[in-house]
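The next block holds one structure in the form of structure tokens; read it before the comments.
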Amino acid sequence: MTAYLLKRLVIAAITLVLASMVVFAVLEIVPGDPARLMLGMNASAEQVELLRSQLGLNDPLALRYLHWAGGLLHLDFGRSYTYSVPVLDLVRERGVVSLPLALIALALSTVIAIPVGLYSASRRGHAGDAVAMGAAQVGVAVPNFWFALLLIYCFAVWLRWVPAGGFAGWGAGIWPALKSLILPAIALALPQAAILARVTRQALLEVLSEDYIRTARAKGMPYRAVLWRHALRNALIPVLTIMGLQFAFLLAGTVIIENVFYLPGLGRLVIQAIAQRDLIVVESVVMLLVAAVIAINLIVDLSYAVVDPRLRSRE
Amino acid sequence: MTLHTDVPEERLTDLIGKALANRSFFVGLLIALAVAGAALLSFVWTPYDVARLVISDKQQAPSWAHWFGTDHFGRDILSMIMLGARNSIAVALVAVGIGMGIGVPLGCLAAARGGLLDEALMRLNDLVFAFPALLSAIMITAIFGPGAVNAIIAIGIFNVPVFARVARAGALSIWPREFILAARAAGKGQTAITLEHILPNIATLLMVQGTIQFALGILAEAGLSYIGLGAQPPMPSWGRMLFEAQTRMAVAPWMAIFPGMAIVVTVLGLNLLGDGIADIIDPKARRQR
């Protein structure tokens with residue numbers, strides 16, 4: 001168990017360091033001088049040079065990387081070139097939109113997918129299974145931003161139940177804020193639910209074909225009890241894996257959806273920052289998301305050990 | 001080149017019969033052929049010329065003259081979708097090519113050599129997987145400039161580790177087989193064995209993954225061009241058609257409905273095709289469906 005934990009931790013740490021180098025390197029080769037952008041076209045060459053040295057842009061590459069990476073460890077991401085505020089403040093301000101959105105979407109997707117997967121697996125080959133899996137097959141093919149447009153048309157333009165876009169802010173109360181997040185969350189969740197339902201069903205069917213399930217049934221254990229007590233628990237590993245991947249996808253995947261609904265989240269922040277060549281913001285947000293993905297994968301790996309006792313003793 | 005499989009070799013006619021009897025494969029194939037056909041047809045003919053803007057025809061609802069209606073410039077949506085298919089297919093296909101072209105040799109190499117090289121290549125894989133693909137593709141296209149070519153590269157990069165992983169897993173399951181041992185005893189080198197025995201045996205596996213990545217590529221391209229980072233005007237693309245439709249949803253919903261349907265149907269077709277191939281080559285999986 002300890003060896004397994006340690007190996008996972010070391011791999012995660014190495015991946016994180018390498019990823020930070022890649023992010024740093026990619027943005028190094030971007031054309032455009034941040035100092036020139038901040039000062040505008042009318043600034044003199046001397047002014048630009050002065051700011052460059054103030055920002056540390058003239059330091060050697062390795063030094064700048066260490067400075068940046070060291071800052072990350074203290075949650076000091078530097079200051080945004082365009083907004084002139086610490087990047088951390090921007091991330092906090094936008095994160096309170098993106099994170100709840102991703103969490104609501106994940107919750108919705110799970111609440112829909114697991115029962116559908118269970119139902120389908122228990123009714124394998126019947127009409128209900130065929131209908132559910134047919135719907136899932138279509139759901140997988142739906143681009144979430146198109147689904148979002150249809151939702152806007154139906155619930156915002158036509159029925160006028162919710163706003164078509166924008167975000168009231170949590171300050172305006174929980175309910176108005178949730179109201180502006182519900183359509184984006186549904187748009188994000190449904191295609192993910194389709195994938196998760198298929199995975200759940202497949203994982204359950206694989207477990208249900210195992211010998212010990214037949215034994216349990218032969219001993220007279222009711223089908224329902226077998227499904228809940230033995231099958232679901234053993235099918236959890238692939239399901240957890242996909243859920244981890246999906247949460248990572250949802251965190252980053254809010255980019256396009258945030259644009260559809262004009263939500264002031266991390267995704268829109270990145271797109272705006274790219275347009276304004278505010279590289280430090282782009283760097284920080286991408287790095288944060290990469291760190292989140294690595295952390296989620298690590299948690300999923302560790303949860304394997306909790307769900308599957310064999311993993312604990314094997315290594 | 002012959003297929004070295006443990007199951008008795010099937011005659012081609014049997015295989016075709018089996019394939020056509022598989023509903024997923026058949027429906028998927030029909031859809032894929034229809035989309036490819038529409039894209040090819042658009043090179044020589046479209047119902048209307050989309051380069052000509054007829055403002056008097058703008059935002060017309062679907063009718064016999066314009067099956068899918070017209071957009072804000074009076075362009076025929078069906079013709080735009082046919083042209084857009086070209087863009088979607090080209091981007092996704094080349095991106096799959098990049099992924100296979102780099103990923104499969106890497107995966108095979110990792111499986112053949114094992115050891116430190118294998119470990120290093122797989123850690124490199126993990127590294128790419130740690131980057132949220134869509135966000136990274138957005139970053140790449142935004143930095144190097146929007147356009148179809150950069151979209152292809154951005155999507156292609158994230159296909160590489162997928163194919164590397166599939167090729168490695170497939171190859172690892174073939175290496176311990178007896179006929180590989182026989183080939184090694186006959187003095188064949190790793191490269192020769194990989195080319196002559198491993199690759200033919202993982203070809204179908206790669207084909208299944210190929211159709212899945214193709215479908216994902218179409219979705220990714222639509223996403224990129226929706227936020228303005230894919231193919232640039234005047235080349236029509238499904239994603240940008242949706243972007244242009246967004247502000248006109250209330251008056252011309254068909255501008256959004258039909259391009260979106262084109263994406264759904266194409267991706268659905270490809271997924272069915274992939275499922276079908278997987279069913280045909282792996283009867284165990286078929287029983288479970």
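Basis for what follows: all heavy atoms, side chains included, without hydrogens, waters or symmetry-related copies.
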Distance-minimising heavy-atom pair for A/Leu149 and B/Met249: O-CE, 3.3 Å
Counting heavy-atom pairs closer than 4.5 Å to chain B, which one of A/Val22, A/Val260, A/Ile152 comes out on top? A/Val260
Structural part of A/Val255 lying under 4.5 Å from a heavy atom of chain B: side chain
If you tally heavy-atom pairs under 4.5 Å against chain B, which of A/Pro143, A/Ser120, A/Ala121, A/Ala292 wins? A/Pro143
Does A/Phe24, at its CZ atom, have more than 12 non-hydrogen atoms belonging to other residues, nucleotides or ligands within less than 6.0 Å? yes
Correct closest heavy-atom pair for A/Ala19 and B/Leu127 would be N-CD1, 3.4 Å
What part of A/Val282 is in contact with chain B, defined as an atom under 4.5 angstrom from a non-hydrogen atom: side chain, backbone, both or neither? side chain
Do other residues, nucleotides or ligands put more than 12 heavy atoms under 6.0 Å from B/Phe243 CZ? no
Residues of residues 155-162 of chain B with a heavy atom under 4.5 Å from any heavy atom of chain A, in residue-number order, are none
Turns out that what part of B/Phe129 lies under 4.5 Å from chain A's heavy atoms comes down to backbone
Considering residues, nucleotides and ligands other than B/Leu116, do more than 12 of their heavy atoms fall under 6.0 Å from its CG? no
Checking heavy-atom separations under 4.5 Å from chain A, one finds in residues 254-266 of chain B B/Ala256, B/Ile257, B/Gly260, B/Met261, B/Ile263, B/Val264
Contacts with chain B made by residues 131-138 of chain A (heavy-atom distance under 4.5 Å), listed by residue number: A/Gln137, A/Val138
Structural part of A/Ile271 lying under 4.5 Å from a heavy atom of chain B: side chain
Looking at B/Arg23, I'd like to know if its CZ atom is crowded, meaning that more than 12 non-hydrogen atoms belonging to other residues, nucleotides or ligands lie closer than 6.0 Å. no
Region of A/Phe249 in contact with chain B, defined by heavy-atom distances below 4.5 Å: neither
Interatomic spacing from OH in A/Tyr153 to CD in B/Gln246 - rounded to 0.5 Å: 14.5 Å
For each of B/Asn271, B/Val267, B/Asp126, tally heavy-atom pairs with chain A at distances under 4.5 Å, and name the one with the top tally. B/Val267
Most contact-rich option vs chain B, by heavy-atom pairs under 4.5 angstrom, among A/Val270, A/Val157, A/Leu18, is A/Leu18
Write out, in numerical order, the residues from residues 212-228 of chain B with a heavy atom short of 4.5 Å from a heavy atom in chain A. B/Leu219, B/Ala222, B/Gly223, B/Tyr226, B/Ile227
